[in-house]
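Because the structure is predicted, anything quoted here is derived from the model rather than measured.
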Amino acid sequence: MAASTEALGSPGSALRKRRTVSPNESGHLTEKRNNGDGNEGPAECDKTSDVTLQTGTFWLTRIVILRSVAFIYFVAFCVAYNQNKQLIGDRGLMPCQEYLRSVKRYVGGKIGAAALAYAPTILWFLDWADMDANLDSIALAGLALSGFVLLAGRANMVLMALLWVLYHSLVNVGWESQLLETGFLAIFLCPVWSLQPVPPHCPPSRLCIWTFRWLIVRIMLGAGLIKVRGDRCWMDLTCMDYHYETQPVPNPMSYYMHRSPWWFHRFETLVNHFIELIAPFFTFLGRRLCMVNGGLQLFFQATLIVSGNLSFLNWLTMVPSLACFDDAALAFLFSSAPGGAKRAVCNIQRQEAAGRATLPTKGMLVRRVLNISLAVLIGYLSIPVVLNLLSSRQVMNTSFDPLRIVNTYGAFGSITKERTEVVFQGTTSADPQDPAALWEEYEFKCKPGDVKRRPCLISPYHYRLDWLMWFAAFQTYEQSEWVIHIAGRLLANDSSVLSLLEHNPFQGRTNPRWVRGEHFRYKFSTPGTPSAAQGKWWIRKRLGPYFPPVDLAGLRKYFSSRGWPHPDIN
């Protein structure tokens with residue numbers, strides 16, 4: 001009877017079959033079973049076409065987050081490579097070399113710990129004789145490293161730390177800083193050396209996953225609280241009546257969204273308050289509600305991407321939202337092909353469920369200590385940030401530590417109710433006051449100018465000068481002196497500044513003798529009106545001069561007093 005039971009394959013016989021775990025060709029652990037006849041067969045995950053993952057692990061989440069961070073880095077370094085020479089290079093509008101010199105004087109004339117604490121950048125240690133080459137080298141190195149992580153889906157702490165240091169070096173001499181915190185957290189998602197997508201001895205830390213969740217909570221609460229404490233239109237639900245038209249760089253969809261019914265704009269504002277002020281708390285209410293918050297945040301950022309050109313800001317805000325999803329939720333993004341990451345995770349989950357999880361190594365124990373230290377550091381640095389969130393004098397987009405590891409965030413605390421633009425015009429006339437003088441307009445890459453030009457669509461790319469011109473229009477040229485710097489470069493037909501513009505009316509012709517800035521109010525045209533029928537996206541009205549006509553001779557003293565090199569005529 002015992003022999004016949006064994007032959008039929010009783011549960012006892014199945015338990016007596018030997019099982020082993022060995023690395024496969026890709027380096028992942030694969031379960032093998034002894035079938036009782038001396039032959040070892042593949043584990044169930046390797047021989048079934050249906051790979052179902054369990055909840056509660058974050059191997060695939062790590063891959064998605066790292067690739068997403070690499071994508072943002074790639075865009076950021078691409079923007080830097082194409083624009084940093086013209087903006088902060090040797091002959092840039094705001095040379096970073098001058099900034100570093102001022103920091104050096106401020107800290108006592110030495111490049112030491114004080115200088116690094118004030119402006120952490122590797123530019124301190126490079127040759128300042130050719131700052132353009134330094135900036136290009138940093139950007140190209142960042143492009144190469146981020147491109148590798150993006151395409152290969154593989155990263156380690158060394159690669160992600162290098163990316164963070166390179167980007168930090170640009171942020172501290174004139175570039176955006178929001179990516180720094182996300183990039184810093186991404187360092188601790190990775191194994192130290194291994195480039196395996198699913199390294200079996202380095203599981204993603206739940207503490208690290210929670211630091212990303214904490215980041216999205218702070219971003220959203222910061223944005224929501226600054227609104228309800230700021231412009232009254234957020235409380236009376238009218239801000240969206242203006243936002244699409246007055247945001248920094250509208251896109252074509254902004255034109256149509258602006259013309260939505262009034263009740264839709266009220267609904268949008270209510271939804272905004274819910275997603276920014278209520279949904280973040282879902283993060284702490286269990287797996288399902290955490291995923292609900294993640295889904296809402298991804299949807300919210302996607303709508304902002306569709307309706308405006310806000311650089312890579314919204315794309316970046318999606319990254320910490322991904323930490324709300326575990327492997328079971330993200331498995332649909334991965335192929336079930338043999339040897340892939342999805343099957344490797346399945347094998348690890350099956351081994352753990354069977355009580356055959358990898359025993360902790362000394363390196364894994366050290367890594368746990370490192371993860372706990374990260375959590376403690378983030379918690380400590382979050383104290384002033386949380387106090388800022390609770391304060392009635394909340395400030396946004398500020399850091400309380402020199403490395404900008406934990407920052408405050410917020411956006412559109414106040415909404416401009418009308419759009420104004422500065423338009424550069426040049427003339428070859430000898431007398432700028434001559435009524436017969438022909439003034440011709442320069443066009444920027446993306447910001448409104450020609451009323452018949454369709455709004456651009458560039459997100460996640462970023463034209464930094466166009467963005468700065470949006471701020472300049474709120475101020476006077478005395479408050480934004482770099483605007484006069486641009487005028488001088490245009491008078492000299494400077495190729496570096498002209499590369500930041502879309503249209504130079506004097507290309508191939510005599511240089512302008514005078515350049516002026518005109519101030520206009522812009523409004524979207526109304527579909528179905530004669531203006532729209534004529535192909536006009538915008539209606540504009542002149543408000544007056546922004547700065548008076550200037551020529552090279554008149555700017556010589558102005559440039560000299562500010563330490564700017566006098567433009568060379570090309």
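- Surrounding CE of Met235 are at most 12 heavy atoms belonging to other residues, nucleotides or ligands under 6.0 Å away.
- In terms of modelled atom types and a separation under 3.5 Å, the side chain of Thr211 and the main chain of Cys208 share a donor-acceptor contact.
- With hydrogens and angles left out, the side-chain atoms of Asn407 and Ser399 include a donor and acceptor closer than 3.5 Å.
- Between Ile378 atom CD1 and Leu185 atom CG the span is 5.0 Å, to the nearest 0.5 Å.
- Within the model, atoms CD of Glu418 and OH of Tyr242 stand 10.5 Å from one another, a figure rounded to the nearest 0.5 Å.
- Applying the side chain to side chain contact (heavy atoms under 4.5 Å, CB included) rule to Thr269 yields the partners Trp234, Leu237, Met240, His273; only residues at least two apart in sequence or on another chain are considered.
- Judged purely by atom type and a 3.5 angstrom limit, Asn251 uses its side chain to pair as donor or acceptor with the backbone of Val306.
- Side-chain N or O atoms of Asn309 include one that pairs as donor or acceptor with a backbone N or O of Ile458 at under 3.5 Å.
- Screening residues 369-394 for salt bridge (charged side-chain N to carboxylate O under 4.0 Å, His left out), with sequence neighbours left out, gives no hits.
- The residues Arg266 and Asp236 are annotated as not salt-bridged, no charged nitrogen and carboxylate oxygen being separated by less than 4.0 angstrom.
- Residues satisfying the side chain to side chain contact (heavy atoms under 4.5 Å, CB included) test with Ala323, not counting sequence neighbours, are Ile65, Ile209, Phe212, Arg213.
- Screening residues 377-409 for ring pair (Phe, Tyr, Trp, His ring centres under 6.0 Å), with sequence neighbours left out, gives no hits.
- Partners of Arg229 under the side-chain hydrogen bond (donor to acceptor under 3.5 Å, both in side chains) rule, at least two apart in sequence or in another chain, are Gln394.
- Asp327 and Thr57 form a side-chain donor-acceptor contact under 3.5 Å, judged by distance and modelled atom types alone.
- With hydrogens and angles disregarded, no donor-acceptor distance shorter than 3.5 Å links the side chain of Ser336 to the backbone of Val51.
- More than 12 heavy atoms of other residues, nucleotides or ligands lie within 6.0 Å of CE in Met396, so this atom counts as buried by the packing criterion.
- Here Trp537 and Tyr255 bring their ring centres to under 6.0 angstrom of each other.
- Sorted by first and then second residue, the salt bridge (charged side-chain N to carboxylate O under 4.0 Å, His left out) pairs involving residues 144-162 (not counting sequence neighbours) form an empty list.
- Atom NZ of residue Lys85 and atom CG of residue Leu135 lie 8.5 Å apart, to the nearest 0.5 angstrom.
- Within a 6.0 Å sphere centred on NZ of Lys445, heavy atoms belonging to other residues, nucleotides or ligands number more than 12.
- In the displayed structure, Phe299 atom CZ is contacted under 6.0 Å by at most 12 heavy atoms of other residues, nucleotides or ligands.
- If you look at His243 and Phe412, their ring centroids are closer than 6.0 Å.
- The side-chain heavy atoms of Glu181 and Arg404, taken from C-beta on, include no pair separated by under 4.5 Å.
- Contact record, Asp231 with Ile415: OD2-N, 3.0 Å, taken as the closest heavy-atom pair.
- Taking the six-membered ring for Trp and the full ring otherwise, the centers of Phe71 and Tyr73 sit at least 6.0 Å from each other.
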Quiz item: Given Phe148 and Leu143, is the side chain to side chain contact (heavy atoms under 4.5 Å, CB included) satisfied, shown in steps?
Solution: CA-CA 8 Å; Phe148 170 79; Leu143 282 170; over 6 Å; no
Quiz prompt | From CA spacing to verdict: side chain to side chain contact (heavy atoms under 4.5 Å, CB included), Leu377, Phe184 | solution = CA-CA 12 Å; Leu377 175 66; Phe184 180 80; 4.2 Å; yes
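- Not one N or O on the side chain of Trp164 forms a donor-acceptor pair closer than 3.5 Å with the backbone of Leu159.
- For Arg419, the side-chain hydrogen bond (donor to acceptor under 3.5 Å, both in side chains) criterion is met by Glu421, not counting sequence neighbours.
- Using cut-offs of 30° and 60° on the angle between ring planes, the pair Phe264 and Phe267 is tilted.
- Taking the six-membered ring where the residue is Trp, Phe471 and Trp467 present tilted rings, their angle falling between 30° and 60°.
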Enumerate donor-acceptor pairs with a distance under 3.5 Å from any side-chain N or O in residues 274-283 to protein atoms, sequence neighbours excluded.
{"residue": "Glu276", "atom": "OE1", "partner": "Gly224", "partner atom": "N", "Å": "3.4"}
{"residue": "Glu276", "atom": "OE1", "partner": "Lys227", "partner atom": "NZ", "Å": "3.4"}
{"residue": "Glu276", "atom": "OE1", "partner": "Asn272", "partner atom": "ND2", "Å": "3.1"}
{"residue": "Glu276", "atom": "OE2", "partner": "Lys227", "partner atom": "NZ", "Å": "3.4"}
{"residue": "Thr283", "atom": "OG1", "partner": "Pro280", "partner atom": "O", "Å": "2.8"}
{"residue": "Thr283", "atom": "OG1", "partner": "Asn293", "partner atom": "ND2", "Å": "2.9"}

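- Applying the disulfide (SG to SG under 2.5 Å) test to every pair with at least one member in residues 227-319, sequence neighbours left out, gives these pairs: Cys233-Cys239.
- Counting only residues at least two apart or on different chains, no salt bridge (charged side-chain N to carboxylate O under 4.0 Å, His left out) pair has a member in residues 249-258.
- Within 6.0 Å of atom CZ in Arg287, more than 12 heavy atoms from other residues, nucleotides or ligands are found, so the atom counts as buried in its surroundings.
- Using a 3.5 Å distance cut-off with no hydrogens or angles, the side chains of Ser254 and Glu245 do not pair a donor with an acceptor.
- When every heavy atom of Ile226 is checked against every heavy atom of Gly410, the shortest pair comes out as CG2-CA, 4.3 Å.
- Ile219 and Gln178 make their closest contact through CD1-NE2, 4.3 Å (heavy atoms, listed as atom of the first residue, atom of the second, distance).
- Under 3.5 Å, the side chains of Tyr461 and Asn82 contain a donor-acceptor pair of N or O atoms.
- For Gly295 against Phe325, the heavy-atom pair with the smallest separation is N-CZ, 3.4 Å.
- Nearest approach of Asn156 to Ser194, heavy atoms of both residues: CB-O, 3.4 Å.
- The distance from the OG atom of Ser311 to the CG atom of Leu179 is 10.0 Å, given to the nearest 0.5 Å.
- More than 12 heavy atoms of other residues, nucleotides or ligands lie within 6.0 Å of CZ in Arg259, so this atom counts as buried by the packing criterion.
- The two residues Ala155 and Met160 have their closest heavy-atom pair at CB-SD, 3.9 Å.
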Exercise. Evaluate the criterion side chain to side chain contact (heavy atoms under 4.5 Å, CB included) for residue pair Ser459 and Phe312; output intermediate values, then yes/no.
Key: CA-CA 6 Å; Ser459 179; Phe312 49 76; over 6 Å; no
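- Proximity of Ile138 to Leu170: side-chain heavy atoms (C-beta onward) are separated by under 4.5 Å at one or more points.
- Partners of Tyr244 according to the side-chain hydrogen bond (donor to acceptor under 3.5 Å, both in side chains) rule, which considers only residues two or more places apart in sequence or in another chain, are Glu268.
- For Trp214, the side-chain hydrogen bond (donor to acceptor under 3.5 Å, both in side chains) partners are Ser382, not counting sequence neighbours.
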Quiz item: So Gln297 and Thr317, side chain to side chain contact (heavy atoms under 4.5 Å, CB included) or not? Walk me through it.
Solution: CA-CA 8 Å; Gln297 302 305 338; Thr317 308; over 6 Å; no
